[in-house]
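Shown next, in structure tokens, is the structure this report addresses.
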Amino acid sequence: MAEEKSKRDENALIAERRRKLDALREAGNPFPNDFRRNALAEELLQSYDRHEDEYLREEDVRVSVAGRMMAKRVMGKASFIKLQDRTGQIQVRLERDRLPDDVYVAFKKWDVGDILGTSGALFKTKTGELTVMAEELRLLTKSLRPLPEKFHGLSDQETRYRRRYLDLIMNEDSRDIFRRRSAIIAYIRAFLDAQDYLEVETPMMQTTAGGAIARPFTTHHNSLDMSLFLRVAPELNLKRLTVGGFERVYEINRNFRNEGVSTQHNPEFTMLELYRAYADYEDLIAMIEAMLKGMSQSILGTEQVDYQGEHYDFGKPFERMTVEEVVLKFNPEFDSAKLRDRDYLADFARNLGIGVEHSYGSGKLLIEIFEKTGEDQLRQPTFVTQYPTEVSPLSRRNDDDLFVTDRFELFIGGREIANGFSELNDSEDQEERFRAQAANREAGDDEALQYDADYIRALEYGLPPTAGLGLGIDRLVMLLTNSPSIRDVLLFPHMRHEATP
RNA sequence: GGGGCGUUAGCUCAGAGGUAGAGCAUUCGGCUUUUAACCGACCGGUCCUAGGUUCGAUCCCUAGACGCCCCA
């Protein structure tokens, strides 16, 4: 079956190259692995591009470079090619009479996309381009599939996502996004490591899916014959570690949520979660703001972030509003005396087209109205605080106002980037909150938190006063790479099965 | 879940109810400083899939697949 498919997949271009590969096999091993380079394209440009041709010839700078042949311009007995390595491209000049016998004739059969190694001396062409004059040239890997057209490159979105390797070969912009993603994560690690945080890894497979309000994926362990959930968050395990005395912990890893796929959502996505004992949510607000400012400066070289036609100022102090303030600001007709009046909130919500369930209390209704009318308006970096207790089952209640918790979310460009709070460390209060969630579950809410008895047991040993937060890495990378879709910042985004005609 | 747009050569794209087009790539020939090299010749197609309408459908209609975007 697979064989038939691969045969159908063959076209004349591939068949031609396969014939060339057959000929190479006749002559020896077409996949040698004994060539070693001593220079990279970008390094050479940095070191030598400022020098004149005369200087280069005098110095006789001999280098070995290797990479994928991205351009091939043959002019009879001489050619120019471009080799692309991980840093960029370097031009190579081939002259038949400077190369060993027959190498140039063989080269003429090689294709754009083949991987080559070459050695020679640097010089500059008459148009001033730094170039290697080849004295040795070897084919290191034969490429059987033709690359996209050299001028327009690969622009088909679907192919770019499905064949990321091809996208990376062809699109420097795409390579840049993933280098920047790596730099962002490295920045976070350095930032936290400098504050004595311990990086940990906790299970992806859990017997109860806790720590976030979300629908989990399920799987099954055969030899133990037990159902398992892919985690929706690492939260409860990280707090268990805080109980254990790791007072500053973080994890950067994948979460899985069995929900829709969109430009903002991928079924698996990367989160930073961290916990810090003897701190409250205000400490984390200050920390995350400092981290994002420093990150922007480090990654972009500025605290001014341009994103899809909008401009976000990371330089100014981030804005602060409570949930109730947001609701009042964007709903001028809302009666500010009735922010906690369940009947008023229910009517208001229905008028907005929100489906109101009997089980919804005023906290849930308030947050529904907030999400429907406010979130999208929060363009500049804004910390929203004082989330209702009803929708914050793991957060510590506010000392002065038990209706809300000491919780914040950070919004940028209308999107939630981070969510954090002072942790609920009263095991008896947590037990009650779990029961309330369990009741919602009974009522049919399959996103409600599952009761986690061991977590209660851990809290009973004593979780020090702690604050924690989660930060969506993918959305942050989107912001700092000006990417409109989460797929642009995931190397292998989730896609449906490829269409089979 | 609803709506809009798209799917044609390896890639980027035109196109019309009646034998399917271009550029690049490939193949062959020429060319020792090119920059999307150039000049000449050739080659290359399940027009996403299945049904329907029609003398005839890749084009029109219906359904589906996949992708992009918007809304819930």
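Every chain is numbered from 1, with letters handed out A, B, ... down the list of sequences.
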Please write out the pairs of protein N or O atoms and N or O atoms of nucleotides 70-72 of chain B separated by less than 3.5 Å, giving the distance to one decimal.
none

Mapping A:K108 and A:E158 onto RNA chain B by nearest heavy atom, which one lands closer to the 5' end? A:K108
Counterpart residues, side chain to side chain donor-acceptor pair (under 3.5 Å), relative to A:E95 (two or more places apart): A:R93, A:R98
Once side chain to side chain donor-acceptor pair (under 3.5 Å) is applied, do any residues pair with A:Q157, and if so which ones, sequence neighbours excluded? A:Y161
Could you work out, with side chain to side chain donor-acceptor pair (under 3.5 Å) as the rule, every residue matching A:N266, not counting sequence neighbours? none
Only distances under 3.5 Å count here; give the side-chain donor-acceptor pairs of residues 84-92 of chain A to other protein atoms, sequence neighbours excluded, each with its distance to 0.1 Å.
{"from": "A:Q84", "atom 1": "OE1", "to": "A:Q89", "atom 2": "NE2", "distance (Å)": "2.8"}
{"from": "A:Q84", "atom 1": "NE2", "to": "A:I169", "atom 2": "O", "distance (Å)": "3.0"}
{"from": "A:D85", "atom 1": "OD1", "to": "A:T87", "atom 2": "N", "distance (Å)": "2.8"}
{"from": "A:D85", "atom 1": "OD1", "to": "A:T87", "atom 2": "OG1", "distance (Å)": "2.7"}
{"from": "A:D85", "atom 1": "OD1", "to": "A:G88", "atom 2": "N", "distance (Å)": "3.1"}
{"from": "A:D85", "atom 1": "OD2", "to": "A:A41", "atom 2": "N", "distance (Å)": "2.8"}
{"from": "A:T87", "atom 1": "OG1", "to": "A:A41", "atom 2": "N", "distance (Å)": "3.3"}
{"from": "A:T87", "atom 1": "OG1", "to": "A:E42", "atom 2": "N", "distance (Å)": "2.9"}
{"from": "A:Q91", "atom 1": "NE2", "to": "A:T131", "atom 2": "OG1", "distance (Å)": "3.0"}

Around A:E52, counting heavy atoms of other residues, nucleotides and ligands shown, do more than 12 lie under 6.0 Å from its CD? no
Are OP1 or OP2 of B:C28 and a side-chain N or O of A:K109 less than 4.0 angstrom apart? yes
Those residues of residues 473-488 of chain A lying under 4.0 Å from RNA chain B by at least one heavy atom: A:R487
Generate the contact string for nucleotides 32-38 of chain B. Rules: B means base contact, S means sugar-phosphate contact only, - means no protein heavy atom under 4.0 Å. BBBBBB-
Consider the side chain of A:R162, meaning its heavy atoms from C-beta on, and name the nucleotide among B:U26, B:C66, B:U12 that approaches it most closely. B:C66
Under the rule for salt bridge (Lys or Arg N to Asp or Glu O under 4.0 Å), what residues qualify as partners of A:D173, not counting sequence neighbours? none
Taking a pair as Watson-Crick or G-U wobble with both distances under 3.5 Å, which nucleotide is matched to B:A65? B:U7
Validation: residues 349-365 of chain A side-chain donor-acceptor distances under 3.5 Å, sequence neighbours left out:
{"from": "A:R350", "atom 1": "NH1", "to": "A:D347", "atom 2": "OD1", "distance (Å)": "3.1"}
{"from": "A:N351", "atom 1": "ND2", "to": "A:D347", "atom 2": "O", "distance (Å)": "3.4"}
{"from": "A:K364", "atom 1": "NZ", "to": "A:E368", "atom 2": "OE2", "distance (Å)": "3.2"}

Which nucleotide, if any, forms a Watson-Crick or G-U wobble pair with B:A41, using both distances under 3.5 Å? B:U27
Can you sort out the partners of A:D313 under side chain to side chain donor-acceptor pair (under 3.5 Å), two or more places apart, ordered by chain and number? A:Q304
Quick one: list whatever passes ring-ring contact (aromatic ring centres under 6.0 Å, His included) with A:F35, sequence neighbours left out. none
Is A:M170 touching bases, backbone alone, or none of the nucleic acid, heavy atoms closer than 4.0 Å? nothing
Hey, mind stepping through A:R415 and A:L479 against side-chain contact (heavy atoms from CB on, under 4.5 Å) and telling me if it holds? CA-CA 10 Å; A:R415 290 180 195 148; A:L479 267 177; 5.7 Å; no
Kindly state each residue pair satisfying ring pair (Phe, Tyr, Trp, His ring centres under 6.0 Å) with at least one member in residues 116-154 of chain A, sequence neighbours excluded. none
